[in-house]
Amino acid sequence: MPLYDIYPEGESGRDRNLLLRSADDGATWRLGLMGCDSLAGWGNEAALAETAPGTVLALVRQGRPGYLLRSWSDDAGRTWSPPLRTEIW
């Protein structure tokens with residue numbers, strides 16, 4: 001389940017994408033930052049779609065300049081590719 005929050009950085013803060021995950025049909029949950037580099041976790045309002053078993057596409061709204069970022073996961077959302085800017089604004 002995608003979530004986002006505002007991470008305090010300076011006075012304005014920055015948005016981060018987080019994933020709430022369960023590996024046991026919802027008995028327990030783990031919250032983690034989406035992506036492992038300085039760009040993948042930043043942004044907000046992520047939309048996720050499983051395009052094949054274990055393959056997930058994420059489209060993430062980028063605050064400025066406003067384009068959607070695209071990132072892929074081949075391990076059901078545990079790790080993510082570096083985000084690429086789409087031409088969707």
Side-chain angles (χ1 to χ4, degrees):
M1 172 184 314
L3 305 167
Y4 70 94
D5 73 351
I6 297 176
Y7 179 78
E9 181 179 283
E11 293 182 19
S12 62
R14 290 188 66 182
D15 296 333
R16 298 187 297 183
N17 279 304
L18 303 134
L19 292 177
L20 190 58
R21 301 176 49 90
S22 176
D24 55 10
D25 295 322
T28 60
W29 293 87
R30 197 174 102 197
L31 183 65
L33 181 64
M34 183 181 156
C36 60
D37 65 31
S38 62
L39 291 176
W42 299 105
N44 58 38
E45 299 176 7
L48 306 178
E50 188 173 31
T51 61
T55 302
V56 183
L57 168 64
L59 292 175
V60 178
R61 186 173 75 118
Q62 183 183 31
R64 292 183 195 103
Y67 289 94
L68 285 180
L69 300 175
R70 176 183 64 224
S71 184
W72 288 93
S73 172
D74 293 322
D75 56 10
R78 288 176 192 85
T79 61
W80 294 90
S81 69
L84 297 175
R85 190 180 94 176
T86 70
E87 293 304 313
I88 301 170
W89 186 80

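For the single chain, residues carry numbers from 1 onward in sequence order. As a basis for the values below, the full set of heavy atoms in this structure was taken, side chains included, without hydrogen atoms, waters or symmetry mates.
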Would you give me the side-chain donor-acceptor pairs under 3.5 Å for residues 46-59, sequence neighbours excluded?
from	atom 1	to	atom 2	distance (Å)
E50	OE2	G54	N	2.9

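Hydrophobic clustering (side-chain heavy atoms under 4.5 Å, transitive across Ile, Leu, Val, Met, Phe, Trp, Tyr) keeps L84 apart from L69.
Taking both residues in full, the closest heavy atoms of L18 and L31 are given as CB-CD1, 3.9 Å, listed atom of the first, atom of the second, then distance. Between S81 and S71 the shortest heavy-atom distance is O-OG, 2.7 Å.
With values rounded to the nearest 0.5 angstrom, L19 atom CG is found 6.0 Å from W80 atom CH2.
Checked against side-chain hydrogen bond (donor to acceptor under 3.5 Å, both in side chains), D24 has the following partners two or more places apart in sequence or in another chain: S22, T28.
Judged by distance alone, the side chain of T86 and the main-chain N or O of R70 form no donor-acceptor pair under 3.5 Å.
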